[in-house]
Amino acid sequence: MSIPVFLLWLVSIPLIIHAAVPLPSKAILLSCGSAGETKDGGLTYLPDDAFITIGNKSTLNQPDLHPTLSALRYFPDASARKYCYVLPAVKGGRYLVKTTYFFGGLNGAKEPPVFYQIIDGMRWSIVNTTEDYAKGLSSYYEVVVQAQGRTLSLCLARSEPSAGDPFISTIEMHNLDSSVYNSTDFSKYALATVARSSFGSNGDIVGFPEDPFNRFWQPFTDANPAVETRSNITPSDFWNLPPAKALSSAITTSKGKTLSLKWPPFPLPKTDYYVALYFQDNRGPSPFSWRVFNVSVNGKQFYAEVNVSTSGVTIYSAQWPLAGETEIALTPSGETSVGPLINAGEIFQIVSIGGRTHTRDVSALEKLKKRFTNPPADWNGDPCLPEGNSWTGVTCSSKGKYARVTALNLTGMGIAGSLFHTVDRLSALNTLWLGRNKLSGQLPNMGGLKSLQTLHLEGNQFQGPIPESLGQLPQLREVFLQDNNLSGIIPESLKKPGLDLRVSPGNHLS
């Protein structure tokens, strides 16, 4: 499968129904756009309504589809900057998130649109299912991330304003054991799946229930001989807990020969990857059931003197540079009586998380949103990130470690509700424009907005006095309060040179 430089790998699965399996534990499974619970084999997927507030549902009337692929959610609102699911999580928990896409000729279109995936403010990948859809296949993507709070946001966004409507079929979110992929600093990086294969297998994809996290292990064979194992396999003996079925076969070669395989079978963009390789001697347990060899990747030593017995072993690199075609070579060491072998492998692209929006700003806007009866539809996920996909009306500065909210402009958007006092916590705000809406109640204290330069609240239904704190803001030069129902005395601190104060018409001030 070809892969553009800016794309992370997608995997194809045929649209056939597999045998029933029980529901994974510690997982959220969503059938997007479905009207109720969806049974796919023995798995139960929930409808997605409780996790998203935007988008339309559609049913695909095609025979022999997985039940979870017979419905989808799509997003026709081109004015929204992103479309976000909010999923409950444990702060600091490690999760494998899998998204599945099958277009199904939605709304009569011939080709699926291309769009972005975003997780917790990180632009994770581009979704391009055109090639798979032309072959009658669905596509899925995976990423391993750490929850920075009590929720994870999974968002879709248009790659350009005129692009077609993004869509999604299913979402899976699996809570991984803390021992899995634990050499990665998930406070700084995420791992996007590039390849995961069971070597020597020509059968079905291995997933749940063999893999408790429903990781998909693709079968992989080449010109090398394939063998089946005759010894017991205990996943807990291996780093990252690979399933026994994924290790039940292997690729090998003759005594004294180097085993060479080109895997993954497509070129990779030049960057750093997490690489894990899994080995187990396939012979029955005995004092002689072991083999020793050196492992190199693209001619560079990856691991020396790997001693593989029936107990199995994992070798990995948490950061390994790759580019283009990848060749793994296993070269015998010493007088081992059999040739080298390899059972399974995983490769992830290391994705830098980059910045985050300051927790103070996120909390303030989330509470502000709850006091609006009709906030913009895209007010979910990270308010600022990624750049170009902030919330509607929100402008941010990404200088420094954290993104900060510098402007809030919802002028004339029909927003109703009240202006909650948490707006005072947006300490980097220089512009607050909420004019010509339907906001009511009293104006909150805004003494914390030390960077505020312009305040436009005209054309609402605010009542009560003007807060004295407004006159104490050192950079304030523009205050528009006309056409409200304010009353009381205008603070003397607002009657100063250089400040454009507008309180009429409307209001009952003296």
Side-chain angles (χ1 to χ4, degrees), residues 179-184 194-202 206 217-265 272-322 325-348:
S179 63
V180 178
Y181 314 124
N182 64 2
S183 60
T184 297
V194 171
R196 182 185 294 116
S197 295
S198 174
F199 297 130
S201 170
N202 56 10
V206 177
W217 301 76
Q218 299 274 345
F220 179 90
T221 57
D222 60 9
N224 291 298
V227 294
E228 299 291 326
T229 186
R230 296 194 295 270
S231 57
N232 293 326
I233 300 170
T234 305
S236 59
D237 289 341
F238 293 82
W239 204 265
N240 299 331
L241 304 178
K245 190 172 182 180
L247 303 176
S248 62
S249 61
I251 289 173
T252 189
T253 192
S254 304
K255 174 184 177 181
K257 291 186 177 180
T258 294
L259 172 61
S260 178
L261 67 155
K262 292 184 177 181
W263 176 83
D272 289 335
Y273 295 84
Y274 176 103
V275 181
L277 305 175
Y278 304 94
F279 309 88
Q280 184 182 42
D281 195 294
N282 68 303
R283 296 168 294 176
S286 78
F288 306 102
S289 295
W290 55 270
R291 58 190 82 196
V292 179
F293 48 86
N294 299 312
V295 180
S296 64
V297 176
N298 291 340
K300 183 178 179 180
Q301 181 172 285
F302 188 83
Y303 203 94
E305 302 288 327
V306 179
N307 191 334
V308 177
S309 69
T310 54
S311 296
V313 64
T314 304
I315 64 173
Y316 74 93
S317 172
Q319 188 170 351
W320 189 268
L322 293 173
E325 303 289 344
T326 304
E327 183 175 18
I328 300 173
L330 314 180
T331 304
S333 176
E335 294 298 324
T336 305
S337 60
V338 288
L341 90 173
I342 184 169
N343 301 69
E346 293 182 280
I347 296 181
F348 298 87

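Fair warning: this is a prediction, and the values are worked out from it, not measured in the lab.
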Identify every side-chain donor-acceptor pair in residues 250-257 under 3.5 Å, counting partners at least two apart or on other chains, and give the distances.
unit_1	atom_1	unit_2	atom_2	d
Thr252	OG1	Pro340	O	2.7

* Asked: Has the side chain of Asn294 got a donor or acceptor atom that lies under 3.5 Å from a matching backbone atom of Glu305?
  -> yes

* Could you tell me how the ring of Phe348 sits relative to the ring of Tyr274: parallel (under 30°), tilted (30 to 60°) or perpendicular (over 60°)? => perpendicular

* To do: Taking Ser201 for its side chain and Pro219 for its backbone only, find out whether a donor-acceptor pair lies under 3.5 Å.
  => no

* **Any Trp217 side-chain heavy atom under 4.5 Å of Glu346 side chain** => yes

* Asked: In Å and rounded to the nearest 0.5 Å, what is the CG to CD1 distance from Leu277 to Ile347?
  -> 7.5 Å

* Side chains of Asp272 and Gln319: is there a donor and an acceptor less than 3.5 Å apart? -> yes

* **Which atom of Val206 lies closest to which atom of Pro243, heavy atoms considered** => CG1-CG, 4.1 Å

* Structure fact -> Minimal heavy-atom distance between Leu247 and Ala344, with the atoms involved, is CD2-CB, 3.7 Å

* In chain order, what residues pass the ring-ring contact (aromatic ring centres under 6.0 Å, His included) check against Phe302, with sequence neighbours excluded? -> Trp320

* Which distance, rounded to the nearest 0.5 Å, do you find between the CG of Leu330 and the CG of Leu261? -> 6.5 Å

* Return yes if some donor-acceptor pair links the side-chain N/O of Arg291 with the main-chain N/O of Gly339 below 3.5 Å, else return no. => yes

* Any sub-3.5 Å donor-acceptor pair from Glu327's side-chain atoms to Asn298's backbone N or O? -> no

* To do: Let me know which of Thr314, Asn343, Asn240 forms a side chain to side chain donor-acceptor pair (under 3.5 Å) with Tyr278.
  => Asn240

* Structure fact -> So CH2 of Trp263 and OG of Ser197: to nearest 0.5 Å the spacing works out to 5.5 Å

* Asked: Once you round to the nearest 0.5 Å, how far does OG of Ser179 lie from CG of Leu241?
  -> 4.5 Å

* Asked: Any sub-3.5 Å donor-acceptor pair from Asn224's side-chain atoms to Ser260's backbone N or O?
  -> yes

* Mind checking what makes ring-ring contact (aromatic ring centres under 6.0 Å, His included) contact with Phe279, not counting sequence neighbours? -> Phe293

* Asked: Out of curiosity, Gln280 CD to Asn232 CG, how far, rounded to the nearest 0.5 Å?
  -> 8.5 Å

* Structure fact -> Closest non-hydrogen contact found for Ala244 with Pro235 is N-CG, 3.8 Å

* **4.5 Å side-chain heavy-atom contact, Ile342 and Leu259** => yes

* To do: Start with the C-alpha distance between Val306 and Ile315, add both sets of side-chain angles, then the distance that settles side chain to side chain contact (heavy atoms under 4.5 Å, CB included), and finish with yes or no.
  => CA-CA 8 Å; Val306 179; Ile315 64 173; 4.2 Å; yes

* Hey, is the main chain of Ser249 close enough, under 3.5 Å, to the side chain of Thr229 for a donor-acceptor pair? -> no

* Hey, are the side chains of Val313 and Asn307 touching, using non-hydrogen atoms and a 4.5 Å cut-off? -> no

* To do: Locate the shortest heavy-atom distance separating Asp237 from Ser311; write the atom from each residue and the value.
  => CB-O, 3.8 Å

